[in-house]
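For reference, the structure is listed below as structure tokens.
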There are 2 protein chains.
Amino acid sequence: MSENGPGSAKKSTSQRRSATRAVTMADVARAAGVSTQTVSRALRDPRSVGPDTLDRIETAVRETHYVQNFAASHLASNRSMTVAAIIPTISASIFADTIQGLTDVLLPEGYQVFLGHTDYTPAREEALVRSLAGRRPDGFFIIGTRHTQEATEILKRTGMPVVESWSWTSRPVDLLVGFSNHAAIMSVVDHLVAGGYRRLTFAGMVRPGDHRAKDRLKGFIDAHARHFPGQATRVVTAASGAMEMERGVELLHRVRETHPETDAIVFASDVLAAGAVLKCGALGIRVPDDLAITGFGDYDIAAHLTPALTTVAIASRRIGMEAARLLLQRMHGQAVEAKMVDVGFELLVRGST
Amino acid sequence: MSENGPGSAKKSTSQRRSATRAVTMADVARAAGVSTQTVSRALRDPRSVGPDTLDRIETAVRETHYVQNFAASHLASNRSMTVAAIIPTISASIFADTIQGLTDVLLPEGYQVFLGHTDYTPAREEALVRSLAGRRPDGFFIIGTRHTQEATEILKRTGMPVVESWSWTSRPVDLLVGFSNHAAIMSVVDHLVAGGYRRLTFAGMVRPGDHRAKDRLKGFIDAHARHFPGQATRVVTAASGAMEMERGVELLHRVRETHPETDAIVFASDVLAAGAVLKCGALGIRVPDDLAITGFGDYDIAAHLTPALTTVAIASRRIGMEAARLLLQRMHGQAVEAKMVDVGFELLVRGST
DNA sequence: CTGTTAGCGCCTTCAC
DNA sequence: GTGAAGGCGCTAACAG
């Protein structure tokens with residue numbers, strides 16, 4: 001963006017334009033001896049122009065090193081060929097798989113992805129939605145189904161397809177690809193109770209803006225109340241800090257201090273559970289004999305621990321792919337197969353219970 | 001501007017425009033009783049207009065639910081306020097931290113990030129570069145320093161700031177934030193040799209397009225040759241498959257079959273090393289007595305294994321943040337502090353060696 | 001199959 | 001501090 005002109009720096013038409021004025025479609029058209037319209041057509045659909053014309057245009061593009069300006073294209077056609085994606089966090093997160101799935105499907109179709117993260121902060125999510133809406137994406141992908149009123153308002157008003165995900169609700173903004181975190185944890189509790197465990201404790205990170213975590217906690221509380229009516233619920237949570245194995249170790253210690261009678265810990269994430277299982281190994285606590293442990297997410301590590309971790313598998317990558325498919329259908333003006341897709345979950349019973 | 005009445009259902013000028021014609025700056029200007037110019041100024045720098053004017057404009061923005069169109073802004077100003085980021089893969093990768101660092105710095109500055117992944121395929125990288133260049137980002141971030149000639153050509157020609165990363169080279173396209181993978185592995189080998197290990201084997205995934213992995217392998221070979229001149233180098237690699245712990249388990253088995261005399265395995269990634277350490281635990285192989293193991297990356301799990309994993313820590317997140325800072329300096333027209341930033345690495349000696 | 005015309009919504013320049 | 005004019009690069013409509 002340097003304002004000094006490398007080379008001779010033409011004064012150009014009138015506007016500031018940076019140093020070496022960029023090659024435009026008009027340059028290509030001139031070089032090929034056709035109109036810009038024909039170049040435009042050739043670029044979007046090569047078969048829509050004559051073979052020899054196409055040939056001259058392709059040569060001209062190569063010689064001029066022309067790179068199409070999508071901003072102008074966007075403005076003129078009212079289609080940006082972009083999708084905005086908003087996730088809580090990128091680092092070491094299972095959402096990375098979802099984004100991978102999303103881009104795996106969208107990039108080959110010519111769409112590009114704007115990515116932003118909220119750090120589980122509703123205000124930041126709203127700011128992101130507002131900001132990304134200014135890019136006029138053709139579609140919106142977002143983790144979660146709870147947003148600020150203003151964010152929801154913006155999402156609805158734009159009229160573009162919106163996919164919410166990783167949760168379940170009967171009233172999505174538009175489209176939904178998710179599953180019930182509540183039901184998933186209930187299935188874990190059912191499994192533990194069926195296995196003879198009676199003194200269960202929930203342990204997890206429950207950040208204020210993380211409604212998935214809240215749903216899991218609520219799933220535990222509800223299942224516990226059903227199996228052990230009247231009995232107090234054991235819950236240990238952390239509200240801050242990074243989602244790391246160290247948190248799992250800390251939670252393990254807190255459970256053993258606060259609820260020493262615990263015979264099974266239901267962790268809200270495999271990361272935490274893995275930290276706990278590894279720590280148990282180091283401390284000589286026998287899993288599952290002394291203490292059963294369950295996780296959530298079926299991360300890579302779950303199957304490799306000793307004992308292997310009982311957990312709930314979520315089709316993280318598939319969520320992204322399904323979301324992309326729904327968006328594509330809408331963006332192509334087709335009717336969507338279903339407005340709501342439940343990818344479900346799968347309880348994987350392994351050695352830790 | 002549009003000459004049609006904004007209130008009544010417009011037959012619109014002529015262009016297709018979707019159903020509910022979007023609110024434009026002209027609508028806001030009309031509502032506030034000022035020119036679009038003033039609205040434009042107020043939006044970019046609130047202090048550049050009178051206090052009462054600002055007030056009327058802000059009210060008008062709120063009432064009309066105006067959302068600025070950045071595509072138009074981009075076209076008129078020749079600044080897109082976007083940065084393009086290209087990484088090999090998003091899933092379960094350490095690059096996620098880098099992207100997090102990048103966006104952590106860029107989003108608050110008003111920049112938005114386009115993300116694409118290449119799956120370690122040069123051709124896909126080139127296609128992505130070409131495609132993203134069409135968005136006219138104000139900056140480019142890319143993992144790696146080796147690209148196809150055409151990709152390099154495009155990156156250079158655009159004239160925008162480009163940060164390459166996660167490797168080291170004396171001749172970057174533009175800017176560089178990285179470290180020497182070669183030197184990092186050499187330090188691992190030096191450490192092992194100093195610890196008395198004599199029969200080292202390298203094990204890793206070395207995909208055709210992954211030059212970081214190749215640098216690590218070369219680092220091993222060079223260090224090995226220095227310490228054990230004339231002696232054959234032991235190397236076991238996998239060229240395909242996902243980077244998962246299971247690969248580490250497989251590599252462990254192959255090392256034990258192919259080079260049973262091995263007393264230390266140098267893994268190219270903590271993911272692989274973790275799989276191997278966990279498997280050793282299950283098989284009763286004592287680490288480090290029977291077999292020493294090292295990793296790369298200092299992933300969360302490294303410190304939690306038993307024994308804890310000796311590895312090389314890379315400031316993954318910091319790479320993203322430094323890159324963002326350099327890009328910002330360039331995009332703001334300032335001189336960069338340094339064109340090349342070596343974030344280094346740190347050998348973390350733990351129980352596995 | 002190809003060209004002409006008229007903007008898309010905003011910002012830069014230059015007046016006042 | 002504010003406004004008027006014109007154009008950024010491309011594409012939707014319509015011819016022909």
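These numbers were taken from a predicted model, which means no experiment stands behind them. A, B, ... follow the sequence lines: proteins, then strands. Residue 1 opens every chain.
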Next on the checklist: Expected output is a numbered-order residue list: members of residues 47-61 of chain A with a heavy atom under 4.0 Å from any atom of DNA chain D. What is it?
Outcome noted: none
Checklist entry - Using 30° and 60° as the class limits, which term best fits the ring planes of B/Tyr111 and B/His332: parallel, tilted or perpendicular? => result tilted
Checklist entry - How many Å lie between CG on B/Leu75 and P on C/dG9, as a whole number? => result 12 Å
Checklist entry - Does B/Ser73 reach the main-chain N or O of B/Asn69 with its side chain, forming a donor-acceptor pair under 3.5 Å? => result no
Checklist entry - Starting at CG of A/Asn78 and ending at C1' of C/dG7, how long is that distance when rounded to a whole Å? => result 13 Å
Checklist entry - What are the two closest heavy atoms between A/Thr169 and A/Leu176, and how far apart are they? => result O-CD2, 3.4 Å
Next on the checklist: Would the distance check show the side chain of A/Thr148 and the main-chain N or O of A/Ala151 forming a donor-acceptor pair, the cut-off being under 3.5 Å?
Outcome noted: yes
Next on the checklist: Without decimals, in angstroms, what is the distance between A/Asp45 CG and C/dC1 P?
Outcome noted: 10 Å
Checklist entry - What integer distance in Å separates B/Tyr66:OH from C/dG9:C1'? => result 7 Å
Item to check | For atom CZ of B/Phe70 and atom P of C/dC10, their distance in whole Å | outcome: 10 Å
Checklist entry - Any idea which of C/dG9, C/dC11, D/dC14 is nearest the B/Ser73 side chain? => result C/dC11
Checklist entry - Are the side chain of A/Asp97 and the backbone of A/Arg317 linked by a donor-acceptor contact shorter than 3.5 Å? => result no
Item to check | Distance-only donor-acceptor test (3.5 Å): side chain B/Arg136, base D/dG9 | outcome: no
Checklist outcome for this item: To the nearest angstrom, the CG-C1' distance between B/Asp27 and C/dC10 comes to 13 Å
Next on the checklist: So, applying side-chain hydrogen bond (donor to acceptor under 3.5 Å, both in side chains) with B/Glu125, which one of B/Arg146, B/His147, B/His117, B/Arg130 is it?
Outcome noted: B/His147
Checklist entry - Is atom CD of B/Gln334 surrounded by more than 12 heavy atoms (other residues, nucleotides or ligands) closer than 6.0 Å? => result yes
Checklist entry - Within this structure, what is the CZ-to-P distance between A/Arg41 and D/dA12, rounded to whole angstrom? => result 10 Å
Next on the checklist: Short of 4.0 Å, heavy atom to strand atom, which residues of residues 29-40 of chain A count as contacting DNA chain C?
Outcome noted: A/Val34, A/Ser35, A/Gln37, A/Thr38
Next on the checklist: If you compare all heavy atoms of A/Ala133 against all heavy atoms of A/Thr158, which two are closest, and at what distance to 0.1 Å?
Outcome noted: CB-CG2, 4.5 Å
Next on the checklist: Could you go through A/Tyr66 and A/Leu43, starting from their C-alpha distance and side-chain angles, then the distance that decides it, and tell me whether this counts as side-chain contact (heavy atoms from CB on, under 4.5 Å)?
Outcome noted: CA-CA 11 Å; A/Tyr66 173 65; A/Leu43 258 37; 3.6 Å; yes
Next on the checklist: Tell me the interatomic distance from B/Arg79, atom CZ, to C/dC10, atom P, rounded to whole angstroms.
Outcome noted: 16 Å
